[in-house]
Amino acid sequence: MWQNWAGNQQSSLTASVPRTLDELRRDLQSGNVLRAVGSGHSFTPLIAGADGILDMSGLDERVVLQPFESSAWVNMNVSLRQLSPALGEHGLAFRNLGDINTQTLAGAVSTATHGTGATLPCLSAELLAARFMTVAGDVVETGSHETPGLLEAVQVSLGTIGLLLEAHVSLVPKYNLHRQVRLASVTDTLNGMMQHWEDNRNFEFFYIPHTGKAVEIRHNLTDLTETKPPIDLDNLAVKALRLARSLGRLHPSLRSLLLKLLTLAQSDEDYVGESWKVLCSQRDVRFIEMEYHLPIEVAQDALNEVISRTEAKYPDIFFPIEIRRSAGDRAYLSPFQGEGRISIAIHSVPEEPQEAFFEDIETIFKAAGGRPHWGKLHSLTQNDLVDLYPDFEKFAYIRQTFDPTGRLLSPAVARLLDGTAGA
């Protein structure tokens with residue numbers, strides 16, 4: 001049985017683990033609808049309903065295949081956590097990363113995983129070329145294929161064009177970052193967030209519901225030597241916020257008291273380390289998530305409404321609300337195609353899915369012209385996507401060219417991208 005990291009997506013199937021390209025071809029000859037799985041860090045039904053599941057991690061044990069001065073060919077079916085130290089051995093690093101690095105590179109780029117930084121694009125934009133196996137069993141390289149726009153389609157594809165094998169990724173010299181974390185009033189953070197993105201290489205913040213406080217996180221390039229990593233209190237803090245919420249059900253004053261103690265206990269953080277160690281955190285508390293990427297000019301108003309509505313209507317919400325920003329890119333299905341955007345993410349624990357909260361806040365995101373994170377919960381349809389993505393039809397044409405019978409489409413993905421499977 002397969003299930004994703006959060007446990008909200010499951011399949012009774014056992015994954016096939018091909019060890020060679022010939023074994024992978026034999027799996028493709030079955031004629032079934034197949035989906036490749038990575039680390040399962042998506043929350044959407046990308047797998048459910050498929051006839052077969054492919055675990056691509058057994059294909060190649062190598063991590064960095066061919067390093068160059070500012071790029072490398074790498075294995076796409078290993079985790080970012082494996083890739084980062086392996087690249088560091090060659091004096092190289094990813095330009096940017098998100099705060100979770102357990103995803104495979106294939107999964108991360110296929111869903112437009114991103115970090116934060118006004119001038120830094122999502123990870124998919126770093127793909128210079130890719131090699132993948134088609135449903136016909138052919139290995140195709142984007143740079144040498146005659147299909148116009150193939151790279152822009154493959155960069156964010158939800159695994160629907162082919163089975164990703166290797167990527168040529170743009171990189172930078174290995175570097176250290178200076179991490180600074182502080183607690184601030186949410187009013188001050190909201191008023192200063194645009195300037196904070198201008199002043200810092202990486203800036204993001206978390207609003208802690210029902211406290212009036214935000215945790216601001218800055219990362220900047222530094223020549224300082226590495227320091228001892230601080231104790232990671234993130235998981236403990238989330239558990240404490242959940243306890244505060246539960247106490248509040250007994251009496252509101254108990255929640256207020258514990259939240260006040262928590263914010264008083266929040267200490268500033270100052271840490272220098274290798275980029276990937278600073279950018280990425282361990283996430284042990286399971287959650288489900290919705291994230292939308294909003295046009296910069298309307299994001300602050302939308303965020304104010306998200307906070308106001310959460311405070312007024314949803315006293316049970318305790319997970320922090322995360323706000324990041326990314327630069328634009330060219331990928332056809334990238335949420336950041338054509339312009340930089342500000343990302344707002346809401347969360348809940350899987351056993352408390354909070355459907356009403358997610359549905360209510362999504363109306364704010366949709367009204368603001370938001371585009372969804374492909375690996376996170378949303379309710380959009382193909383008609384919505386045609387309106388939101390100028391090159392949706394280009395993507396659809398390329399996808400159908402390489403997979404005309406929909407062999408790589410689970411039912412939910414087929415409804416979303418192909419208008420089929422019971423649409």
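These numbers come from the heavy atoms of this one structure, side chains and all, not from hydrogens, waters or symmetry mates.
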task = Output all residues satisfying side chain to side chain donor-acceptor pair (under 3.5 Å) with Gln66, sequence neighbours left out; order by chain, then residue number.
result =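 Result, side chain to side chain donor-acceptor pair (under 3.5 Å) vs Gln66: none returned.
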
Please name all residues satisfying side chain to side chain donor-acceptor pair (under 3.5 Å) with Gln195, sequence neighbours left out, ordered by chain then number.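 Applying side chain to side chain donor-acceptor pair (under 3.5 Å) to Gln195 gives Asp199.
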
Could you list the residues that satisfy ring pair (Phe, Tyr, Trp, His ring centres under 6.0 Å) with [X], not counting sequence neighbours?
X: Tyr332; answer: none
X: Phe357; answer: Tyr314
X: His41; answer: Trp5
X: Trp197; answer: Phe203

What residues form a salt bridge (charged side-chain N to carboxylate O under 4.0 Å, His left out) with [X], not counting sequence neighbours?
X: Glu291; result: Arg324, Lys376
X: Asp27; result: none
X: Glu339; result: Arg341
X: Arg309; result: Glu305, Asp360

Taking the side chain as every heavy atom from C-beta outward, state whether Asp403 and Thr160 have any atom pair closer than 4.5 Å.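 Heavy-atom side-chain distance check fails, nothing below 4.5 Å.
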
| Within a strict 4.5 Å, meaning less than it, do heavy atoms of the Leu59 and Thr20 side chains meet? |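 No. Closest side-chain heavy atoms not under 4.5 Å.
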
Measuring centre to centre across the rings, with the benzene-like ring taken for any Trp, is Phe402 within less than 6.0 Å of His145?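 Yes, the ring of Phe402 comes within the 6.0 Å limit of the ring of His145, centre to centre.
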
Distance in Å, Trp2 CH2 paired with Gln10 CD, rounded so as to fall on 0.5 Å steps: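 Separation between the atoms: 9.0 Å.
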
- Once you round to the nearest 0.5 Å, how far does CG of Asp329 lie from CD of Glu152?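 With rounding to 0.5 Å, CG (Asp329) is 10.0 Å from CD (Glu152).
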
* Asked: Between Arg330 and Asp391, is there a side-chain N and carboxylate O pair less than 4.0 Å apart?
  ->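 So Arg330 does not pair with Asp391 through a salt bridge.
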
Do Glu61 and Asn75 get their side chains close enough for a donor-acceptor pair, meaning under 3.5 Å?
->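 Checked: Glu61/Asn75 side chains show no N/O donor-acceptor pair below 3.5 Å.
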
| Donor-acceptor side-chain pairing of Arg81 and Asn101 below 3.5 angstrom |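 Present: a donor and an acceptor within the cut-off.
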
Backbone of [Y] reached by a side-chain donor or acceptor of [X] within 3.5 Å:
X: Asn4; Y: Gln9; answer: yes
X: Trp374; Y: Leu333; answer: yes
X: Arg25; Y: Gly137; answer: yes
X: Ser157; Y: Ala153; answer: no
X: Ser124; Y: Val109; answer: yes
X: Gln300; Y: Leu190; answer: yes
X: Arg95; Y: Ser170; answer: no

Which pairs, with at least one residue in residues 148-173 and sequence neighbours excluded, count as a ring pair (Phe, Tyr, Trp, His ring centres under 6.0 Å)?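 For residues 148-173: Phe68-His168, Trp73-His168.
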
Q: Classify the ring geometry between Phe392 and Phe395 as parallel (under 30°), tilted (30 to 60°) or perpendicular (over 60°).
A: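 Correct class here is tilted.
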
Open item on the list: Below 30° counts as parallel, above 60° as perpendicular, anything between as tilted: where do the rings of His293 and Phe336 land?
Closed with: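 Plane angle between 30° and 60°, so tilted.
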
- Message: Please list all pairs meeting salt bridge (charged side-chain N to carboxylate O under 4.0 Å, His left out) that have one or both residues in residues 184-194, counting only residues at least two apart or in different chains.
- Response: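 For residues 184-194, and leaving out neighbouring residues, there are no salt bridge (charged side-chain N to carboxylate O under 4.0 Å, His left out) pairs at all.
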
